[in-house]
Amino acid sequence: GEDVEQSLFLSVREGDSSVINCTYTDSSSTYLYWYKQEPGAGLQLLTYIFSNMDMKQDQRLTVLLNKKDKHLSLRIADTQTGDSAIYFCAEILETGRRALTFGSGTRLQVQP
Amino acid sequence: DAGVIQSPRHEVTEMGQEVTLRCKPISGHNSLFWYRQTMMRGLELLIYFNNNVPIDDSGMPEDRFSAKMPNASFSTLKIQPSEPRDSAVYFCASSLSGIGNTIYFGEGSWLTVV
């Protein structure tokens, strides 16, 4: 079945890199996404990666996918206080329902 | 361009009352999703529509919940009667159909049932 897991909390200092991790169980995951949620707001798509890719870079964001271990990570370079938010990993499966399944979210706290 | 528009943004209602949440998807999108977010259960898919037809409603908690999509530009999620455990943020999202298309979320409807 579908199961996406994330650690709950990460604290970093401003200027450092942040790495948020996610594991998933279903090998038929086709697209894997990272969404950001700021307090009181909706979900903002940050980036996504196809399951046939290993890495994707978009400005300060780097997504790494290890298909063998079913592990996805989001690296934020030069983390800023404005990056403080909850980050959700989500997947869509190749088969079955065409809707996102989300992890529990990782709260990123950036200390000045 | 306007994003996904939800109303109301905030609602406080008494237990037993009917609650109707509304959503206008992005123009041209033909898939629409309703999610619920709570501290205990995180983000859960309630139901999704494709071309106005409900495809998967397995996440709808119980008969008190119903969702409709009478046309391509409007959907409602109704709770009748509401209970305190329904307190949550309800998100509507839309996309073009097809597995690789981005799903865009509204700002959410924050529901409190007292």
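A note on names: the letters A, B, ... follow the listed sequences, proteins ahead of strands, and every chain is numbered from 1. Hydrogens, waters and symmetry mates play no part in the numbers below; they use all other heavy atoms, side chains included.
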Which portion of L43(A) sits near chain B, non-hydrogen atoms under 4.5 angstrom:
both

Under 4.5 Å from any heavy atom of chain B - which part of Q37(A)
side chain

Could you tell me whether Y35(A) and F105(B) have their ring centroids closer than 6.0 angstrom?
yes

Can you say whether I103(B) sits under 4.5 Å from chain A via the side chain, the backbone, both, or neither, judging by heavy atoms?
both

Would one find more than 12 heavy atoms of other residues, nucleotides or ligands at under 6.0 Å from atom CE of M15(B)?
no

So, using side-chain hydrogen bond (donor to acceptor under 3.5 Å, both in side chains) as the criterion, who are the partners of E38(A) when residues are at least two apart?
K36(A)

Heavy-atom pair of closest approach, residues H71(A) and T23(A)
CD2-CG2, 3.8 Å

Answer with side chain, backbone, both or neither: which region of Q37(B) has an atom nearer than 4.5 Å to a non-hydrogen atom of chain A?
side chain

V12(B): which other cluster members, linking ILVMFWY side chains closer than 4.5 Å, directly or transitively?
V114(B)

Under 4.5 Å from a heavy atom of chain B, the part of F50(A) involved:
neither

Would a line drawn from the ring center of Y33(A) to the ring center of F102(A) be shorter than 6.0 Å?
no

Hydrophobic cluster (4.5 angstrom, side-chain heavy atoms) - remaining members for V4(B):
I26(B), Y104(B)

Can you name the residues of residues 62-97 of chain B that have some heavy atom under 4.5 Å away from a heavy atom in chain A?
F91(B)

Return yes if a side-chain donor-acceptor contact under 3.5 Å exists between Q111(A) and S11(A), otherwise no.
yes

What part of R9(B) lies closer than 4.5 angstrom to a heavy atom of chain A: side chain, backbone, both or neither?
side chain

Side chains of Q6(A) and T106(A) only: does a donor on one sit below 3.5 Å from an acceptor on the other?
yes

